[in-house]
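In each ligand, atom 1 is the first atom listed, and ligand 1 is the first ligand listed. Quantities reported herein were computed from a predicted structural model and do not represent experimental measurements.
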Amino acid sequence: MSSIMEAKEIYDGHADLWVRHDPILLSDYSARPRVLELCGDVEGLTILDLGCGEGYVGRQLAKRGAASVAGYDVSSGMIAGAEQAAAAQRLDHLTYAVSDLRKAEFGDASQPVDMVIAVFLFNYMDTASMSRILDRVRKVLKPGGRFIFTVPHPLLPYIKPAEKPFYMRAEGGYLSSVDVPFPGRIWRRDGESVEVQAVHKTFTTYFSALNAAGFTRMPHVEELHITADHVALDPDFFGPLADLPLHVAFSLTS
Ligand SMILES: C[S@@+](CC[C@H](N)C(=O)[O-])C[C@H]1O[C@@H](n2cnc3c(N)ncnc32)[C@H](O)[C@@H]1O
C-alpha cells in the first residue's frame, strides 16, 4: 500500500502551475465558483482559509468585501505565490502563514471568526488528522459561524477511468480503503496538469467526523459537476466529464 505523500512535496514542486488570476484548472470551473456562491455575502466577515494554496479563493473573498482572510498552507511555495499575488493586487487584508494544519493550531479561540473554508484540504490527510482540524474549526468559529469545505467525490475513483481532465485512481475497495491515498491528476485548459491526491474517505467518514466534532445540525451537501455551459465552452476539455459527480461541497453552521 502506498503511503500518504507529503502535500508539501507535491505543492512545493509545482507551485508555479497553481498560481493563477483567472479560471484555468478544471476545478476553477467545476468547484470554486460554487464555493463562492455558498459563502454568500461576505461583506465585513472575518475568514480563515485552511489549505489556502496560492490564495485563489481567498483573493476573491477579499474582493467581495471580507474584512480579513487569513490563509494557512503547509507549502512555502504556495504561500510565497499567495503573498506575491496579494501584494500585486494591494489586498492588504489578506494574511498568510506556512503551517502544517495536521499539527499546528490555527486561528484564535478568544477571537472567533465568522467563516472557515477548506477547499480540497482534507484529501491530503487521514481521518484522524481531519478530525483534529474539525475540532479546532468548531473552537475558532463564532456561534452561527459558517464552515464550507470541498473534497473530491468519494465515488469518482470507482466510476471514472484514470484519464484527463481529472482522475483519482482507486487503490482498493470503496469501504475497505478508508485512509488509503489514491493518486490523481487534474488538468488545466492549456494542457498542463498537476498532481493531486485523495486520501480516501467515504460519506460515512465525513458525516461521522463532523458529528463527533459537534457539527450536529444537518449540513448542506452538494455533489459538484460540470454543466452544459462548460461543455459548450470547451467540448474537448469538459465533454468527458458530463454526468459525473466530481467533488462534494459541505456547508455547515456552527
Ligand atoms: C488542491 S490544493 C487547493 C488550494 C486552495 N485551497 C485552492 O482551492 O486553490 C490543496 C492545498 O492544501 C495544502 N495542504 C495539504 N495538506 C496540508 C496540511 N497538512 N496543512 C496545510 N496545508 C495543507 C496543499 O499544500 C495545497 O496548497
Flag for [Y]-[X]: side-chain donor and acceptor within less than 3.5 Å:
X	Y	result
S27	S30	no
H220	E222	yes
Y124	R102	no
S193	R185	yes

Can you tell me which residue and heavy atom of the protein come closest to [atom], and the distance to 0.1 Å?
atom	value
atom 20 (N) of ligand 1	L101 N, 2.9 Å
atom 4 (C) of ligand 1	G51 O, 3.4 Å
atom 1 (C) of ligand 1	Y11 OH, 2.9 Å
atom 19 (N) of ligand 1	D100 OD1, 2.8 Å
atom 22 (N) of ligand 1	V74 N, 3.1 Å
atom 10 (C) of ligand 1	F120 O, 3.3 Å
atom 16 (N) of ligand 1	A7 CB, 3.4 Å
atom 26 (C) of ligand 1	D73 OD2, 3.5 Å

Name the option, out of R32, E54, M130, K8, that contains the heavy atom nearest to atom 7 (C) of ligand 1.
R32

Are [X] and [Y] close enough for a salt bridge, meaning some N to O gap below 4.0 Å?
X	Y	value
R64	E43	no
D28	R20	yes
D234	R189	yes
K103	D100	yes

What part of [X], side chain from CB on, backbone N/CA/C/O, both or neither, has a heavy atom under 4.0 Å from ligand 1?
X	value
R20	side chain
S99	backbone
A118	neither

Between [X] and [Y], does the ring centre distance come in under 6.0 Å?
X	Y	answer
H230	F237	no
H153	F166	no
H21	Y56	no

Is there a nitrogen or oxygen of V57 sitting under 3.5 Å from a nitrogen or oxygen of ligand 1?
no

When you compare ligand 1 with L121, is there at least one nitrogen or oxygen pair between them that comes in under 3.5 angstrom?
no

Number the atoms of ligand 1 from 1 as they appear, then name those within less than 4.0 Å of a heavy atom of [X], with their elements.
X	value
M78	27 (O)
G53	4 (C), 5 (C), 27 (O)
V119	3 (C), 5 (C), 6 (N), 8 (O)
R102	19 (N)

